[in-house]
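Worth knowing before you read on, the calculation uses all heavy atoms, side chains too, and leaves out hydrogens, waters and symmetry mates. One-based numbering along the sequence shown.
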Amino acid sequence: MNQPARKIMATRGKNHRWKVPYLKNGRMIHCESGLERDYVRITDFDQNVVEIAYQPLFIPYRIKGKIRFYYPDFKVTFKDGRVLIVEIKPNSKVLKPEIQLKALVGRLYCKKKGWKYIIVTEKQLYENSCLLFNIGFLRALGHQPKVPSVVLQIVYDTLCNTGASTIYMLRENCRDIDDEFFYVAIYKLIYFQKVFADLFSSELTDETLISVNLNHFQFGGEVCASKR
């Protein structure tokens, strides 16, 4: 397991610290701001991302004859082998000289490694507020309580058999399942992208249109196995 290059200390006051559950692997990711927290949630939802590590390395650089160390916020690894080194900053701070210097240091370091360095601000994170809202909604409601795998299978198989429908219509076709388990199941299936729903245009409701995501044929090794 990757260890952070710098220990994140607890704090009081306006600079909050979070530990965000990373649902892909069950690890806790440390964050020093709400922007970092939301970025972690987005990468966790992105099925192209394999792993994220917080403050994974330090980069030494010299300024005015003194050695300094730069600790980027995250290292993001993708399925295709690409690696991003990511700095999260409020847009109001991006043009400050010390931030620009660290960005230059980061880019030069990444160029040697064959990686890419980026700065992410609230402009990119909150460009689509519906997506972040829906991700937070699905994370909160799609994992409590633990839903039996047989319920996931029934909900998924029902959607496979009936075709595209609204969440409400699917609920009507799954009347033998308790409301609580049904909604946990469908939210989990949407979160892990076994079921497709447009999370960009509007907030999730019972009237949201859903369909089987044909790019995913298995859930727990069983879902829609007969349709492969």
- More than 12 foreign heavy atoms under 6.0 Å from CG of Asp179: is that the case here? yes
- Query: How about Tyr126: does its OH atom have over 12 heavy atoms from other parts shown lying under 6.0 Å from it?
  - Reply: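 Yes, OH of Tyr126 has more than 12 neighbouring heavy atoms, counting only those of other groups under 6.0 Å.
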How long is the straight-line distance from [atom2] of [Y] back to [atom1] of [X], given to the nearest 0.5 Å?
| X | Y | atom1 | atom2 | result |
| --- | --- | --- | --- | --- |
| Leu209 | Leu170 | CG | CG | 11.0 Å |
| Lys116 | Arg107 | NZ | CZ | 10.5 Å |
| Phe192 | Leu138 | CZ | CG | 10.5 Å |
| Asn173 | Ile154 | CG | CD1 | 13.0 Å |
| Leu199 | Thr208 | CG | OG1 | 8.5 Å |
| Ile119 | Lys89 | CD1 | NZ | 8.0 Å |

Side chains of [X] and [Y], heavy atoms from C-beta outward: is any pair under 4.5 Å?
| X | Y | answer |
| --- | --- | --- |
| Asn134 | Ile190 | no |
| Val76 | Val83 | no |
| Gln100 | Leu95 | yes |
| Lys194 | Asn213 | no |
| Asn48 | Asp80 | no |
| Ile52 | Lys75 | no |
| Val86 | Pro72 | no |
| Val155 | Phe182 | yes |

Does [Y] offer a backbone N or O that forms a donor-acceptor pair with the side chain of [X] under 3.5 Å?
| X | Y | result |
| --- | --- | --- |
| Glu36 | Glu32 | yes |
| Glu203 | Phe137 | no |
| Asp178 | Glu180 | no |
| Asp198 | Ser201 | yes |
| Lys79 | Gln47 | yes |
| Asp44 | Tyr22 | no |

- Message: Looking at every heavy atom in both Leu152 and Val147, which two are closest together, and how far apart are they?
- Response: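 Scanning both residues completely, I find the closest heavy atoms to be CG-CG1, 3.9 Å.
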- Message: Is there a side chain to side chain contact (heavy atoms under 4.5 Å, CB included) between Ile135 and Arg139? Walk through the geometry before answering.
- Response: CA-CA 6 Å; Ile135 288 175; Arg139 286 175 64 94; 3.8 Å; yes
Are [X] and [Y] joined in one hydrophobic group, where the rule is that I, L, V, M, F, W and Y side chains link up if heavy atoms are under 4.5 Å apart?
| X | Y | result |
| --- | --- | --- |
| Met169 | Leu189 | no |
| Leu101 | Ile59 | yes |
| Val50 | Tyr191 | no |
| Leu104 | Val94 | no |

- Do the ring planes of Tyr183 and Tyr187 sit parallel (below 30°), tilted (30 to 60°) or perpendicular (above 60°)? tilted
- Going by the angle between their ring planes, with limits at 30° and 60°, are Phe58 and Phe69 parallel, tilted or perpendicular?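 Geometry flag for Phe69 against Phe58: perpendicular rings.
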- Message: salt bridge (Lys or Arg N to Asp or Glu O under 4.0 Å), that's the test. Do Glu51 and Arg27 meet it? Break it down for me.
- Response: CA-CA 10 Å; Glu51 185 180 27; Arg27 291 174 53 198; 3.1 Å; yes
- Passes side chain to side chain contact (heavy atoms under 4.5 Å, CB included), Asp73 versus Tyr54? Steps please. CA-CA 6 Å; Asp73 292 321; Tyr54 60 94; over 6 Å; no
- Message: Both conditions, 6.0 Å and 45 degrees, for the charged tip of Arg171 above the ring of Tyr168: are they met here?
- Response: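 That pair does not qualify as a cation-pi contact.
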- Message: Before you tell me yes or no, could you show the steps for Tyr61 and Tyr70 under ring pair (Phe, Tyr, Trp, His ring centres under 6.0 Å), namely the whole-Å CA-CA distance, both residues' side-chain angles and the distance that decides it to 0.1 Å?
- Response: CA-CA 8 Å; Tyr61 63 99; Tyr70 169 40; 7.2 Å; no
- Item | Worked check of side chain to side chain contact (heavy atoms under 4.5 Å, CB included) between Leu84 and Phe74 | CA-CA 8 Å; Leu84 284 181; Phe74 299 110; over 6 Å; no
- Message: Looking only at side-chain N and O atoms, does Asp46 offer a donor or acceptor that is under 3.5 Å from a partner on Thr43?
- Response: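 Absent: no donor and acceptor within the cut-off.
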- Query: Where do Phe196 and Ser211 land on the side chain to side chain contact (heavy atoms under 4.5 Å, CB included) test, with the steps shown first?
  - Reply: CA-CA 5 Å; Phe196 172 79; Ser211 60; 3.9 Å; yes
